[in-house]
Amino acid sequence: MGYKQSICKHSKASSCVGSVMPKVMKLFHLAVLCLMLSACSFFPGHQRQTPAPVLLAPSSELLPQILKQHLTLTSAKQSDSFIAILRLTHTQTSMVALTLAGQPFLNQSYDGQLWQSQNLSGQPLPEKEIFSMMQFALWPKASLQKNYLKENGWKLEFKKNERVAYYYEQPYLVVKRSKSNTNIEHKMGHYQVTINTFETEPLR
């Protein structure tokens with residue numbers, strides 16, 4: 001099945017685009033607001049109150065493949081879901097995010113130098129942050145250590161099925177893996193993303 005065919009397949013899922021899209025956008029807006037407010041209390045007086053999202057170059061340690069994932073974003077007040085189709089190669093990482101009705105609202109790619117993001121929703125989204133969180137959960141330990149540098153305020157911890165990023169000693173991202181899913185908790189933004197990979201397709 002091709003990349004475009006994967007998107008078309010999900011476009012037939014249901015007819016609830018109108019109701020799902022506003023809810024997804026509302027949750028993203030809430031996450032951004034929480035991130036901004038929490039940063040003020042975490043780092044008073046620090047010039048960079050929140051870290052810039054860290055983007056990682058494609059990794060040769062990851063198998064070239066397409067991951068089809070169901071993502072659930074949860075905050076204190078609500079929970080909403082969408083589909084992500086992640087394409088991993090040794091030269092480029094790309095992601096398409098779709099509503100459950102199959103409507104694409106975000107296209108992103110990064111080859112280690114050129115970052116591209118097309119927001120089709122018409123609403124402001126934390127585009128790099130979304131991409132960075134996905135990479136932090138998937139990329140090998142060595143890649144994270146090369147990019148989350150101590151001199152930039154980062155500290156990393158790795159345990160079995162868990163990894164944590166601290167920014168100036170404050171928890172930033174916590175990733176926990178189980179047999180059924182991967183959970184990414186954004187400590188500063190006060191929200192979390194639960195990822196269930198329901199299909200993988202090797203790339204030749």
Side-chain angles (χ1 to χ4, degrees), residues 1-10 51-73 81-98 104-119 125-150 152 154-167 171-187 189 191-204:
M1 181 183 295
Y3 192 44
K4 293 183 178 179
Q5 290 176 315
S6 300
I7 298 176
C8 292
K9 178 180 177 182
H10 289 291
V54 177
L55 298 183
L56 306 175
S59 172
S60 59
E61 296 183 51
L62 294 175
L63 293 176
Q65 59 184 321
I66 293 175
L67 302 179
K68 300 175 185 179
Q69 303 174 318
H70 180 276
L71 279 70
T72 300
L73 281 77
S81 300
F82 64 94
I83 299 296
I85 301 178
L86 189 64
R87 190 174 193 271
L88 306 173
T89 73
H90 292 162
T91 58
Q92 187 181 64
T93 305
S94 57
M95 184 182 75
V96 177
L98 310 95
F105 64 88
L106 189 62
N107 293 297
Q108 302 180 311
S109 66
Y110 186 59
D111 63 3
Q113 294 183 331
L114 179 62
W115 160 254
Q116 294 181 311
S117 185
Q118 183 182 18
N119 182 356
L125 298 174
E127 298 171 33
K128 281 190 176 181
E129 186 173 285
I130 296 170
F131 201 84
S132 176
M133 289 174 68
M134 297 282 286
Q135 288 190 313
F136 184 78
L138 288 172
W139 259 235
K141 177 180 176 180
S143 295
L144 299 182
Q145 291 173 326
K146 289 179 181 178
N147 290 274
Y148 286 80
L149 302 177
K150 184 177 180 180
N152 293 333
W154 294 105
K155 183 178 75 172
L156 301 178
E157 287 185 358
F158 298 93
K159 301 177 183 177
K160 184 179 181 181
N161 299 321
E162 183 178 337
R163 52 181 59 177
V164 183
Y166 296 86
Y167 185 64
Y172 178 64
L173 293 177
V174 178
V175 175
K176 295 182 179 180
R177 294 190 180 93
S178 67
K179 292 182 179 180
S180 59
N181 60 50
T182 298
N183 187 75
I184 312 172
E185 187 176 359
H186 196 308
K187 288 291 189 178
Y191 68 96
Q192 64 182 14
V193 180
T194 302
I195 303 173
N196 292 279
T197 300
F198 59 85
E199 188 176 339
T200 62
E201 179 183 338
L203 291 173
R204 297 180 181 178

Test side-chain contact (heavy atoms from CB on, under 4.5 Å) on Gln135 and Val54 and set out the steps. CA-CA 9 Å; Gln135 288 190 313; Val54 177; over 6 Å; no
Rounded to the nearest 0.5 Å, what separation is found between the [atom1] atom of [X] and the [atom2] atom of [Y]?
| X | Y | atom1 | atom2 | value |
| --- | --- | --- | --- | --- |
| Ser143 | Tyr148 | OG | OH | 11.0 Å |
| Leu173 | Ser132 | CG | OG | 6.5 Å |
| Gln92 | Arg87 | CD | CZ | 7.5 Å |
| Leu88 | Leu138 | CG | CG | 6.5 Å |
| Ile184 | Tyr191 | CD1 | OH | 9.0 Å |
| Lys150 | Tyr166 | NZ | OH | 15.0 Å |

Check whether any side-chain heavy atom of [X] sits under 4.5 Å from a side-chain heavy atom of [Y], and report yes or no.
| X | Y | result |
| --- | --- | --- |
| Asn181 | Ile195 | no |
| Glu201 | Lys68 | yes |
| Gln108 | Lys128 | no |
| Met134 | Thr93 | no |
| Thr91 | Pro58 | no |

With a 6.0 Å cut-off (strictly less than), is the heavy-atom count around NZ of Lys155, excluding the residue itself, greater than 12? yes
Could you walk me through whether Asn147 and Trp139 pass the side-chain contact (heavy atoms from CB on, under 4.5 Å) check? CA-CA 11 Å; Asn147 290 274; Trp139 259 235; over 6 Å; no
Could you walk me through whether Tyr167 and Trp154 pass ring pair (Phe, Tyr, Trp, His ring centres under 6.0 Å), step by step? CA-CA 5 Å; Tyr167 185 64; Trp154 294 105; 5.0 Å; yes
Reference residue Val96; test side-chain contact (heavy atoms from CB on, under 4.5 Å); the match among Asn107, Leu86, Leu106: Asn107
Mind listing the closest non-hydrogen atom pair of [X] and [Y] along with its distance?
| X | Y | answer |
| --- | --- | --- |
| Ser60 | His90 | O-NE2, 3.4 Å |
| Gln113 | Asp111 | N-OD1, 2.9 Å |
| Glu61 | Ala142 | OE2-CB, 4.3 Å |
| Glu162 | Val164 | OE2-CG2, 3.8 Å |
| Asn196 | Ser180 | OD1-O, 2.9 Å |
| Gly112 | Ala57 | CA-CB, 3.7 Å |

Passes side-chain contact (heavy atoms from CB on, under 4.5 Å), Gln69 versus Ile83? Steps please. CA-CA 6 Å; Gln69 303 174 318; Ile83 299 296; over 6 Å; no
Relative to each other, are the rings of His186 and Tyr172 parallel, tilted or perpendicular (30° and 60° limits)? perpendicular
Anything under 30° is parallel, anything over 60° is perpendicular, the rest tilted; go ahead and classify Phe82 against Phe105. perpendicular
Start with the C-alpha distance between Leu55 and Trp115, add both sets of side-chain angles, then the distance that settles side-chain contact (heavy atoms from CB on, under 4.5 Å), and finish with yes or no. CA-CA 9 Å; Leu55 298 183; Trp115 160 254; 3.6 Å; yes
Picking from Thr72, Asn183, Thr182, what satisfies side-chain hydrogen bond (donor to acceptor under 3.5 Å, both in side chains) with Thr194? Asn183
